[in-house]
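Working notes for the structure below.
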Amino acid sequence: MKKNIIAGNWKMNNSLDDGLKLVSEIATMIKEDPVNEVEIIIVPPFIHLTVLDKLLQDYDQICLGAQNCNEHDSGAYTGEVSTAMLKSSGVDYVIIGHSERRAYFNESDELLATKVNQALSNGLTPIFCCGEPLSVRESNGQEDFVFTQLTNGLFHLSEESFGKVVIAYEPIWAIGTGVTASAAQAQEMHKAIRNHLASKYGQKAAKNCRILYGGSCKPSNAKELFALDDVDGGLIGGASLNPADFVDIIRSF
Ligand code: 13P
């Protein structure tokens with residue numbers, strides 16, 4: 001059976017000391033009262049990964065993700081980090097196509113498709129992000145917009161490879177704004193995404209795919225969002241920086 005996921009994307013926040021403190025607090029709370037039905041993923045900046053991997057050796061319920069990866073195997077790409085390096089640092093997941101990377105680093109669908117391949121070929125699970133800006137939502141074009149992102153980023157994959165991918169729907173207008181998608185909006189989009197996946201990979205593969213919601217998810221709205229039929233967890237930004245809030249969200253299933 002598929003397991004729900006809660007992933008905490010720290011973005012460019014936390015010194016190493018702050019990060020260690022945050023993860024220690026989360027891990028202690030989870031160890032005291034385990035939540036077996038949820039996979040918990042911490043997604044810190046690259047530079048924290050190896051240290052946090054050591055810290056998490058004693059907490060097998062929590063694993064690590066990276067916020068990005070390079071699309072090449074290795075070589076003269078100054079400042080970049082490969083998927084093989086991530087794997088060898090104890091990382092299991094990698095976020096690909098976050099709207100901030102699409103917007104600020106000009107990441108195209110074509111580039112993201114190669115990053116997905118690179119992640120899968122080194123044994124990392126891609127958390128592939130999609131989501132529309134406000135202008136597209138206001139003209140009711142959100143489904144077509146997101147379907148294009150999914151088709152271009154993922155639909156070159158075989159059914160077997162697709163089965164290893166996690167999807168995160170993050171409407172851009174909800175990220176960091178405090179404005180969450182309503183339960184009806186989230187369910188409608190998640191269902192539409194699942195139908196789009198089914199049109200390519202069949203009902204069974206679409207049903208098994210985990211589709212996370214992201215965008216101003218917090219303890220006060222997590223229960224309602226996670227109770228929705230087609231929401232299989234959350235990709236959490238701001239609220240993942242506070243240990244009590246993050247653990248509250250984890251316990252919202
Ligand atoms: P917020 O939860 O801060 O809105 O961020 C969501 C996000 O972008 C997670 O990747």
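The analysis underlying the following values was restricted to heavy atoms, covering all of them including side chains, and did not include hydrogens, waters or symmetry mates. No experiment lies behind these values; they were computed from the predicted model shown.
Judged by distance alone, the side chains of Thr114 and His72 never bring a donor and an acceptor atom under 3.5 Å apart. The closest side-chain donor-acceptor pair between Asn221 and Thr180 falls under 3.5 angstrom. With 3.5 Å as the limit, one finds no donor-acceptor pair spanning the side chains of Asn152 and Glu110. In the model, Asp18 has a side-chain atom that pairs as donor or acceptor with a side-chain atom of Ser15 under 3.5 Å.
Atom CD1 of Ile236 is separated from atom CD1 of Ile41 by 11.0 Å, given to the nearest 0.5 angstrom. If you take CD on Glu37 and CG on Asn4, they are separated by 7.5 Å, rounding to the nearest 0.5 Å.
Lys200 and Glu159 are not joined by a salt bridge, as no carboxylate oxygen comes within less than 4.0 angstrom of a charged side-chain nitrogen. Ion pairing between a basic and an acidic side chain is recognised when a charged N comes within 4.0 Å of a carboxylate O; Glu132 and Arg137 show such pairing. Between Lys3 and Asp232 there is no salt bridge, since no side-chain nitrogen of the basic residue lies less than 4.0 Å from a carboxylate oxygen of the acidic one. Taking a cutoff of 4.0 Å between a charged side-chain nitrogen and a carboxylate oxygen, Arg102 and Glu107 do not qualify as a salt bridge. Using a cut-off of 4.0 Å between Lys/Arg side-chain N and Asp/Glu carboxylate O, Arg251 and Asp33 are scored as salt-bridged.
Around the NZ atom of Lys191, the shell of radius 6.0 Å holds no more than 12 heavy atoms that belong to other residues, nucleotides or ligands. Crowding of Glu25 atom CD: a count of heavy atoms from other residues, nucleotides or ligands under 6.0 Å exceeding 12. Within 6.0 Å of the NZ atom in Lys2, the count of heavy atoms belonging to other residues, nucleotides or ligands exceeds 12. Atom CD1 of Ile47 has 12 or fewer heavy atoms from other residues, nucleotides or ligands within 6.0 Å. Heavy atoms of other residues, nucleotides or ligands lying less than 6.0 angstrom from CD of Gln185 number more than 12.
When hydrophobic clusters are built by joining Ile, Leu, Val, Met, Phe, Trp and Tyr residues whose side-chain heavy atoms come closer than 4.5 Å, directly or via intermediates, Val43 is not grouped with Val81. Cluster membership check: Ile6 shares its hydrophobic cluster with Leu241, using side-chain heavy-atom separations under 4.5 Å among Ile, Leu, Val, Met, Phe, Trp and Tyr. No continuous path of ILVMFWY side-chain contacts below 4.5 Å connects Val166 to Leu86, so the two sit in separate hydrophobic clusters.
For Trp173 against Pro133, the heavy-atom pair with the smallest separation is CD1-C, 3.9 Å. Shown here for Ala119 and Pro126, the closest heavy-atom pair between the two residues is CB-CG, 4.1 Å.
Annotation: Tyr201 is in aromatic contact with Phe155 [ring centroid separation under 6.0 Å].
Ring geometry for Tyr169 against His190 counts as perpendicular: the plane angle is over 60°, on a 0 to 90° scale with 30° as the lower cut.
Every residue two or more places apart in sequence or in another chain that forms a side chain to side chain contact (heavy atoms under 4.5 Å, CB included) with Glu160 is listed here: Ser158, Lys164. For Asp73, the side chain to side chain contact (heavy atoms under 4.5 Å, CB included) test picks out Gln118, with sequence neighbours left out.
Between Leu20 and His48, the closest side-chain pair of non-hydrogen atoms is not below 4.5 Å.
Proximity of a side-chain donor or acceptor of Gln142 to a complementary backbone N or O of Met189 within less than 3.5 Å is not detected.
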